[in-house]
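One structure is given here, and the rest of the page talks about it.
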Protein chains: 2
Amino acid sequence: MPHLLLKDLPRYECLLECAQRFPQLDPSACEVFLHLLRAGDEGFRVIDAHFQAHNVSQGRFTVLMLLFEKNGGEPHVLTPAQLAEQAGVSRATMTGLIDTLERDGMVTRTPSPADRRMLSVTLTPRGQTFLESMLPEHFRRIGVLLDSLNESERRTLVRLLGKIANRAAEAFPTAAPGQA
Amino acid sequence: MPHLLLKDLPRYECLLECAQRFPQLDPSACEVFLHLLRAGDEGFRVIDAHFQAHNVSQGRFTVLMLLFEKNGGEPHVLTPAQLAEQAGVSRATMTGLIDTLERDGMVTRTPSPADRRMLSVTLTPRGQTFLESMLPEHFRRIGVLLDSLNESERRTLVRLLGKIANRAAEAFPTAAPGQA
DNA sequence: AACTTATAATCAGGCAGCTAATGATTAGGA
DNA sequence: TCCTAATCATTAGCTGCCTGATTATAAGTT
């Protein structure tokens, strides 16, 4: 599941040595890249452990959050296709996610009166309660992960991470975006 | 496969609104966290597309790299257990990875003369050639991803990402470390 | 009405990682 | 020597995600 399958990152000297053999290797770029994957993996591991304790996967959690009724907003009723689009997964995957969530009583499928091909997916009261019970710890964990960075460092991090993500999307656009 | 299943990150105002309902939610921490997962996912997507073009998974690539003979180093012959340890996967998973790599002629298993329970896994010439042919593009992609950051920004990023990873490992240690 | 095209949701099958259980071998202790 | 415990690799079966094919419905064309 993790993106980086390495217990320990290679030392910088090792990157330098490797760069002699492969002139394309930019040691400081590789170092940043490895740190990025590791930090992402570690952060994900922390929240995923909490997910597993509540018997929910990242995918199912995302679906619940997309359906979650915010403070005074409308009920957020979406079709499987809309959910798949916003979650960035294929419709087939979304079918499976909704299957599990429906079996667990978190969401319900209701046929659409206008178009019989379509369904509406709604969060049940049980799903609402579930989220409200687990979200505090979820947010607490994220807060702990970042509590050693001050506001200035956080702004810097957001800016630099944004640069990398934008560069990735621009230089290597996605070939087949999910379900175009 | 990605860690973050969201096409678009929530707006900051949305985090602020949510924070009114959940006092544990630290908006700037959440923003950094979302950016971290997204940047990690995007970076991984870029190198994984290259892996797929060469019919290799992240796991198999890691095994090949662990066995890769550096400039003048020794041949890097390892047992499946050592590979699993260094790659951070279970031994069962490593068995499967080696199965595939051996079927493709990238590595060989040889019985250990000293201890008949053990094997040695070795990179074949074909595996060596394979790595040498794909690594330049691999490193090139990492260079492109980071080419909009100067050296100062890279050092900052390494430092801040390191802080997060260390905080994660320290505040939320892994419960069952692979195969202890 | 009949035909074609597009779209919604689903089904079938695959792959990568995991845990738990198994068989073979080694090491240590009485 | 024999018994027990530990270790190595493997197998079997699970989950979560994926792609590609399938079925039902809708909409446009003639």
Side-chain angles (χ1 to χ4, degrees), chain A residues 1-6 41 44-45 48-49 51-52 55-63 78-85 87-104 107-121 174-180, chain B residues 1-6 41 44-45 48-49 51-52 55-63 78-85 87-104 107-121 174-180:
Chain A
M1 167 89 87
H3 290 167
L4 178 68
L5 295 190
L6 275 183
D41 282 349
F44 178 74
R45 178 182 63 75
D48 195 53
F51 287 160
Q52 286 187 19
N55 194 36
V56 78
S57 70
Q58 167 72 7
R60 295 199 285 275
F61 178 76
T62 299
V63 174
L78 297 171
T79 67
Q82 289 171 325
L83 286 169
E85 155 75 13
V89 301
S90 69
R91 291 181 184 179
T93 298
M94 188 50 65
T95 296
L97 293 175
I98 297 172
D99 279 350
T100 308
L101 288 170
E102 192 172 36
R103 173 172 56 70
D104 293 349
V107 305
T108 51
R109 284 176 165 106
T110 19
S112 165
D115 187 333
R116 279 186 298 170
R117 289 173 302 182
M118 290 202 273
L119 303 175
S120 296
V121 182
T174 311
Q179 190 97 204
Chain B
M1 170 82 93
H3 290 166
L4 178 68
L5 294 189
L6 275 182
D41 282 350
F44 179 73
R45 179 182 63 73
D48 195 53
F51 288 160
Q52 286 188 19
N55 194 35
V56 78
S57 69
Q58 167 72 7
R60 296 199 286 275
F61 177 76
T62 300
V63 174
L78 297 171
T79 68
Q82 289 170 326
L83 286 169
E85 155 74 13
V89 301
S90 69
R91 292 183 185 180
T93 297
M94 188 51 64
T95 296
L97 293 175
I98 298 173
D99 279 349
T100 308
L101 288 170
E102 192 173 36
R103 173 173 56 70
D104 293 348
V107 305
T108 51
R109 285 176 164 106
T110 25
S112 166
D115 187 331
R116 280 183 299 171
R117 289 173 303 182
M118 291 203 272
L119 303 176
S120 296
V121 181
T174 311
Q179 190 97 205

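Letters go in sequence order (proteins before strands), and every chain restarts at 1.
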For the side chain of A/A92, counting heavy atoms from C-beta on, which of C/dC11, C/dT26, D/dA9 is nearest? C/dC11
Which of the following nucleotides, D/dA9, C/dA9, D/dC17, is nearest to the side chain of A/T79?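 For the A/T79 side chain, the nearest candidate turns out to be C/dA9.
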Kindly assign one of parallel, tilted or perpendicular to the pair B/F61 and B/F51, based on the angle between their ring planes and the thresholds 30° and 60°.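 If you compare the ring of B/F61 with that of B/F51, the planes turn out tilted.
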Which is it for A/F44 and A/Q58 under the side-chain contact (heavy atoms from CB on, under 4.5 Å) test, yes or no, and what are the steps along the way? CA-CA 9 Å; A/F44 178 74; A/Q58 167 72 7; 3.9 Å; yes
Could you state the [atom1]-[atom2] distance from [X] to [N], rounded to the nearest angstrom?
X	N	atom1	atom2	answer
A/D48	D/dT15	CG	P	16 Å
A/M94	C/dA8	CE	P	14 Å
B/D99	D/dA9	CG	P	13 Å
A/L6	C/dG17	CG	C1'	16 Å
B/Q58	D/dC17	CD	P	19 Å
B/E85	D/dA9	CD	P	13 Å
B/D115	D/dA9	CG	P	8 Å
A/F44	C/dG17	CZ	C1'	12 Å

Are side-chain heavy atoms of A/V121 and A/P80 found at a separation under 4.5 Å? yes
Contact under 4.0 Å: [X] side-chain N or O vs [N] OP1/OP2:
X	N	value
B/R60	C/dA16	yes
A/R91	C/dA8	yes
B/T93	C/dA16	no
A/T95	C/dA9	no
A/R116	D/dA26	yes

Under the side chain to side chain contact (heavy atoms under 4.5 Å, CB included) test against A/I98, which residue among A/R60, A/R103, A/R109 passes? A/R109
Interatomic distance, A/L119 atom CG to A/T79 atom OG1 [nearest 0.5 angstrom]: 8.5 Å
With DNA chain D as reference, determine whether A/G59 or B/M118 sits nearer its 5' end, using the nearest nucleotide of each.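 So the residue in question is B/M118.
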